[in-house]
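Presented below is the structure to which this report refers.
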Amino acid sequence: MATYHQIPDDEKGYELDLFCVPKHYEEDLDRVIIPHGLIMDRTERLARDIVRDMGGHHIVALCVLKGGYKFFSDLLDYIKALNQNCDKSVPLTVDFIRLKSYCNDQSTNSVKVIGGDELSTLTGKDIVETGRTMETLLSLLSECNPKMVKVVSLLVKRTPRGSGYRPDYMGFEVPDWFLVGYALDYNEYFRDLGHICILNEKAKVKYKV
Ligand code: IMP
Ligand code: MG
């Protein structure tokens, strides 16, 4: 069973004014839910757990774009740091795949896959909500008969819409809120925000398509 930090439903987060956010998003956000520093600290520990479990195996790290790119890159930086400073190291190659399923803050029920040319033994992902995106990807990957597939997701949402799918490694379990920042988007906005935050209702209308 993966261990993770649970963010409760009554989590208040942090006042926006306590942190630095881009000027162009100041009016759009309610609260900071996971500050960037905390994301990094948790990611550092996930890297340690992965290297411990994978010791010796070659890893093809597959990044699920676009939302997973920040987490993927930071996780790999921590794995690289361990590789050059520990007795045990894991050889790494990388690949990228793009999945698209969301419009506004709603799942569209269809998952589009673009790109990717190698099998994976490890996948890096932003967030699991219903689990549908990940289950689609896993069934595609299984057609390539990989030796082993491990899924690492920074966030998993507590939602009644969930399929029951749980990744092998997860950073945080979050309430059923639509979150943005650290590469998570709302119609492509907010990927350029360091902290994970909650959008306000005005912003949902402002950036609606
Ligand atoms: P699932 O297929 O329902 O698990 O949805 C997972 C995908 O939906 C993620 O890869 C994200 O792209 C998107 N998504 C789900 N919840 C959120 C959210 O709170 N913020 C931003 N994107 C989300
Ligand atoms: Mg998205």
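Here the structure is a predicted model, which is why all the values come from computation and not from measurement. Just follow the structure's listing: the first ligand is 1, and inside any ligand the first atom is 1.
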Just to be sure I read this right, does ligand 1 sit under 4.0 Å from the backbone of [X], its side chain, both, or neither, counting only heavy atoms?
{"X": "M134", "value": "neither"}
{"X": "D126", "value": "side chain"}
{"X": "W177", "value": "backbone"}

(request) Answer yes or no as to whether an N/O/S atom of D126 is found below 2.8 Å from the Mg ion (ligand 2). (result) no
More than 12 heavy atoms of other residues, nucleotides or ligands under 6.0 Å from [atom1] of [X]: is that the case?
{"X": "E26", "atom1": "CD", "value": "yes"}
{"X": "K202", "atom1": "NZ", "value": "no"}
{"X": "R48", "atom1": "CZ", "value": "no"}

Atoms of ligand 1 less than 4.0 Å from [X] heavy atoms?
{"X": "V128", "value": "4 (O)"}
{"X": "G131", "value": "1 (P), 3 (O), 4 (O)"}
{"X": "L179", "value": "18 (C), 19 (O), 20 (N), 21 (C)"}
{"X": "T130", "value": "1 (P), 2 (O), 3 (O), 4 (O)"}

(request) Could you verify whether a donor N or O on one side chain and an acceptor N or O on the other, from E129 and T159, lie under 3.5 Å apart? (result) no
(request) Decide whether D126 and Y69 meet the rule of one side-chain donor and one side-chain acceptor closer than 3.5 Å. (result) no
(request) Indicate the atoms forming the closest heavy-atom contact of F71 with Y182, along with that distance. (result) CA-OH, 3.4 Å
(request) Give me the ring orientation class for Y207 and Y189: parallel if the planes are under 30° apart, tilted from 30 to 60°, perpendicular past 60°. (result) tilted
(message) Among the N, O or S atoms of D185, which one sits nearest to the Mg ion (ligand 2)?
(response) OD1
(request) From the options K125, K157, R191, select the one whose nearest heavy atom is closest to atom 16 (N) of ligand 1. (result) K157
(request) Return the option from T159, L65, V174, I127 holding the heavy atom at the smallest distance from atom 23 (C) of ligand 1. (result) I127
(request) Before signing off on this row, confirm whether F178 and ligand 1 have an N or O atom pair separated by under 3.5 Å. (result) no
(request) Could you tell me whether the side chain of R158 and the main chain of I7 form a donor-acceptor pair under 3.5 Å? (result) yes
